[in-house]
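Take a look at the structure set out below.
What's counted below: heavy atoms across the whole structure, side chains too, no hydrogens, waters or symmetry copies. Naming convention: chains lettered A, B, ... in sequence-line order (proteins, then strands); numbering from 1 in each chain.
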There are 4 protein chains.
Amino acid sequence: MSITEKRHHDPEKALQRRRQVLDAAAECFSRSGFHGASMAEISKTAGMSAGHIYNYFDNKDAIIAAFVEENVERVSAMMRDLQMQADPLQALVEKIPQSVRDDLDPRTWILPLEITAESSRNPKIACVVRDADRRTREQFLAILKAGRRLHGLPDDDALLEGRMNAMITMFQGLPVRATHCPDLDAEQLIASFQIALRALLFS
Amino acid sequence: MSITEKRHHDPEKALQRRRQVLDAAAECFSRSGFHGASMAEISKTAGMSAGHIYNYFDNKDAIIAAFVEENVERVSAMMRDLQMQADPLQALVEKIPQSVRDDLDPRTWILPLEITAESSRNPKIACVVRDADRRTREQFLAILKAGRRLHGLPDDDALLEGRMNAMITMFQGLPVRATHCPDLDAEQLIASFQIALRALLFS
Amino acid sequence: MSITEKRHHDPEKALQRRRQVLDAAAECFSRSGFHGASMAEISKTAGMSAGHIYNYFDNKDAIIAAFVEENVERVSAMMRDLQMQADPLQALVEKIPQSVRDDLDPRTWILPLEITAESSRNPKIACVVRDADRRTREQFLAILKAGRRLHGLPDDDALLEGRMNAMITMFQGLPVRATHCPDLDAEQLIASFQIALRALLFS
Amino acid sequence: MSITEKRHHDPEKALQRRRQVLDAAAECFSRSGFHGASMAEISKTAGMSAGHIYNYFDNKDAIIAAFVEENVERVSAMMRDLQMQADPLQALVEKIPQSVRDDLDPRTWILPLEITAESSRNPKIACVVRDADRRTREQFLAILKAGRRLHGLPDDDALLEGRMNAMITMFQGLPVRATHCPDLDAEQLIASFQIALRALLFS
DNA sequence: CATGAATGAGGATTCATTCAT
DNA sequence: GATGAATGAATCCTCATTCAT
């Protein structure tokens with residue numbers, strides 16, 4: 001929003017600067033958390049003075065919000081990718097190993113957790129997160145519906161929503177699980193995820 | 001640890017004081033988060049001076065740590081309860097509806113999220129959390145093993161650990177899910193959880 | 001207001017601390033102005049940490065406001081003093097030399113100017129100042145009325161208000177005059193003030 | 001001074017640029033005060049980049065100083081106007097209603113107050129202000145002297161200086177008075193000003 | 001044991017000023 | 001000439017922690 005409100009002489013460069021800040025923020029946030037990361041830390045990481053950041057973001061919360069927004073876009077992209085597969089249900093099952101492995105990478109889990117924790121306090125963040133979740137659910141539901149029909153399975157909304165939410169819950173639980181038990185055996189977990197997800201998708 | 005190091009004239013009262021602080025902390029943490037809750041807020045809620053808290057806890061982190069420790073005890077108790085059932089696997093499935101409903105209550109999910117987020121930055125907290133998780137896993141594994149044997153199912157450790165971690169992941173994902181989608185349909189979710197868990201337990 | 005809202009264990013000492021801050025503020029404000037004086041400067045002058053000041057005042061504006069409030073009380077006291085004289089008009093004329101000399105003292109004029117300038121921007125301060133002015137006018141008008149009647153002069157409100165405001169304007173102009181022309185001849189000014197004020201009081 | 005020191009390619013345009021800045025400054029200063037008005041605000045109002053202002057003014061203080069200087073020129077012009085009247089004392093009395101009404105206009109009083117307050121802290125500004133005051137006094141004194149002689153009244157310098165300073169004090173008090181009591185009755189005040197000024201001029 | 005007054009380091013934010021383009 | 005991106009010092013304020021009483 002800042003970028004559209006504040007007039008910048010060279011919007012190209014402005015966007016690049018914003019990116020610089022967001023990248024630095026990603027690094028600092030995952031190292032120290034949203035509140036633990038100081039503007040000074042972010043500015044140093046971004047190779048930019050602290051004051052200058054305020055030419056691109058109204059305040060620290062705006063950085064967090066923009067950062068969260070960028071992050072949720074990624075999930076949405078993943079959904080769109082899934083949507084284009086011939087047999088999306090099967091594609092989803094095949095995606096499991098990679099997804100699980102990704103989510104068990106220490107550098108991956110910290111940020112989702114920060115975002116979730118923050119949104120349970122900061123209403124503005126909560127709004128962004130929930131809106132993104134709604135869009136994701138819509139996409140996911142469409143995918144499920146098409147996939148289930150393809151396999152001749154029942155596809156009423158209430159049922160599918162329950163299945164969907166259970167599946168999302170499993171993936172959203174991964175960062176938490178990884179935090180509590182960092183050296184868990186990924187392969188065995190993947191096998192179990194496949195069992196559970198197949199049950200949810202194909203029964 | 002504080003309680004064992006610091007000499008208190010009346011250990012009875014000291015423990016009661018600690019409880020006062022921990023209860024207050026629970027309230028404040030879930031209201032404002034670990035970092036949002038100030039010692040002043042906690043001390044006022046505990047009906048005790050800020051300075052006095054330091055007679056029972058070395059610092060704010062120690063409160064968080066002790067608080068987390070208390071919290072994990074609850075899970076452990078649940079495990080012990082499960083352990084005493086005739087058919088623990090069946091008991092677990094039957095527990096699902098209540099567990100899920102509990103975890104979808106806003107007052108329930110905030111603290112687990114705070115704890116997880118905090119432990120992904122604070123090594124001290126991470127240590128407490130992981131130790132607790134290890135103990136829980138041991139209990140859970142024993143339960144699973146006994147249950148599976150009872151049902152004549154394979155019970156080798158690697159397999160069971162994968163199943164177990166998948167199940168825990170599902171429950172740990174609930175607070176995250178609830179944050180992202182506060183008005184999700186609990187009943188449909190419960191049905192799906194039962195499908196997934198049955199698959200993990202009995203196949 | 002702070003002092004009544006925030007609970008202090010020893011209200012006696014709290015008031016003394018507030019006074020310490022206000023005295024330091026007076027010194028700093030007159031040296032550097034309201035905005036030029038930093039909280040650090042004030043706290044150092046008050047012999048107290050910057051943070052501690054916030055136990056007695058909500059913020060810097062509250063210090064300014066309290067300070068202004070204290071200041072306007074002094075004028076009110078002067079009015080009450082005048083009110084008790086046998087021939088208040090005559091007493092007022094006799095007060096002129098001292099009043100003028102006081103207002104020409106460099107340490108005296110800076111603060112009234114700061115207060116006036118601040119109140120033309122800060123609505124909260126404007127409110128305090130205007131309320132004080134209203135009370136002062138009421139007292140002054142009563143004095144004038146009684147005095148004029150004593151001397152058998154017309155005493156209708158509209159007329160007296162005009163005279164009163166002219167007289168107050170003269171005294172409020174002194175700090176401005178002194179700033180613009182610090183080495184002006186006080187005695188000649190006093191003589192002229194007496195001429196003007198006599199005309200306003202007795203014609 | 002800046003304008004004479006810094007070499008400008010087109011001095012004509014340079015002066016116009018300075019005027020642009022000074023007009024913008026007038027607007028911003030009266031809206032937000034000297035310290036409240038940021039260089040960014042002034043530059044935007046002036047339709048010029050912030051950096052460019054520094055080609056015409058050494059720093060913000062120089063803007064204030066130049067601005068003050070321009071302001072005092074206006075008073076000087078008024079003096080010259082008065083000087084050309086047949087009976088300047090009478091002319092002065094006749095000017096009172098308009099002058100008083102002007103000074104009671106909110107847009108008029110803010111800047112004099114800012115200037116005065118600023119000059120009581122900023123020695124550079126004080127210097128400009130006092131120098132201007134000295135010149136004004138000289139003009140005023142000459143006018144008074146001529147007028148008094150015209151009316152066959154005593155005209156020794158000490159006496160006239162006192163009268164003059166009393167009169168200036170009255171007018172300089174008006175912005176202060178207006179701030180403290182914004183809804184005062186202008187007409188009654190004018191009548192009283194005439195009484196006081198006549199006494200100072202003709203006795 | 002208990003208080004809360006007091007500290008001071010650290011945080012977000014603003015803004016006059018500079019300088020490469 | 002003219003821009004506005006960039007700096008960094010300075011400001012207000014918060015809060016964990018200490019300590020005299």
- Message: Return whichever of A:Ala50 or B:Lys13 has its heavy-atom-nearest nucleotide of DNA chain E closer to the 5' end.
- Response: B:Lys13
- Closer than 4.0 Å, any side-chain N/O of D:Arg17 to the OP1 or OP2 of F:dG1? no
- Item | Length of the line joining C:Asp61:CG and F:dC13:C1', which is rounded to integer Å | 13 Å
- Task: Considering just the side-chain nitrogens and oxygens of D:Tyr56, establish if one lies under 4.0 Å of OP1 or OP2 belonging to F:dA2.
- Result: yes
- Out of E:dA12, F:dA16, E:dT3, minimum distance to the side chain of A:Tyr54 belongs to E:dA12
- Of C:Gly51 and A:Lys60, the one whose closest DNA chain E nucleotide lies more 5': C:Gly51
- Note on the structure: Comparing nearest nucleotides in DNA chain F, the 5'-proximal residue of the pair C:Ala40, D:His52 is D:His52
- Note on the structure: Which of E:dT7, F:dA5, F:dT3 is nearest the side chain of A:His8? It is F:dA5
- Message: When you compare the side chain of B:Phe67 with that of B:Asn71, does any pair of heavy atoms fall below 4.5 Å?
- Response: yes
- Item | Atom pair distance, as rounded to whole Å: CD in C:Glu12 and P in E:dG4 | 17 Å
- Do B:Phe34 and B:Ile115 have side chains that get closer than 4.5 Å, going by heavy atoms? yes
- To the nearest Å, how far apart are B:Gln20 CD and E:dT3 C1'? 14 Å
- Query: How many Å lie between CD1 on A:Ile42 and P on E:dG11, as a whole number?
  - Reply: 11 Å
- Any idea which of E:dT14, F:dC13, E:dT3 is nearest the C:Asn59 side chain? F:dC13
- Query: Separation of D:Phe34 atom CZ from E:dC15 atom P, in whole Å?
  - Reply: 17 Å
- Item | Short N-O contact, C:Glu118 and C:Lys124, less than 4.0 angstrom | no
- D:Ile64 side chain near D:Phe29 side chain, heavy-atom distance below 4.5 Å: yes
- Measure from the side chain of A:His9, starting at C-beta and using heavy atoms only, and say which of E:dT3, E:dT17, F:dT3 lies closest. F:dT3
- In whole angstroms, how far is the P atom of E:dA16 from the NE2 atom of C:His35? 13 Å
- Message: I'd like to know if C:Glu27 and C:Arg107 make a salt bridge, using a cut-off of under 4.0 Å between side-chain N and carboxylate O.
- Response: no
- Starting from C1' on E:dA5, measure out to CZ on C:Arg18 and report it in whole angstrom. 16 Å
- Query: So, B:Glu70 and B:Arg18, do they make that salt bridge, N to O below 4.0 Å?
  - Reply: no
- Consecutive-pair stems (at least three Watson-Crick or G-U pairs, under 3.5 Å) that include DNA chain F: E:2-21 with F:2-21
- Message: Strictly below 4.0 Å: does B:Ser49 bring a side-chain N or O up to OP1 or OP2 of E:dG4?
- Response: no
- Message: Show, in sequence, the C-alpha distance, side-chain angles and deciding distance for D:Asn55 and D:His52, and conclude whether the side chain to side chain contact (heavy atoms under 4.5 Å, CB included) test is met.
- Response: CA-CA 5 Å; D:Asn55 285 326; D:His52 198 32; 2.7 Å; yes
- Quick one: does A:Arg31's side chain have a donor or acceptor within less than 3.5 Å of a partner on A:Gly36's backbone? no
- Message: Between C1' on F:dG8 and CD1 on A:Ile53, what's the gap in Å once rounded to a whole number?
- Response: 13 Å
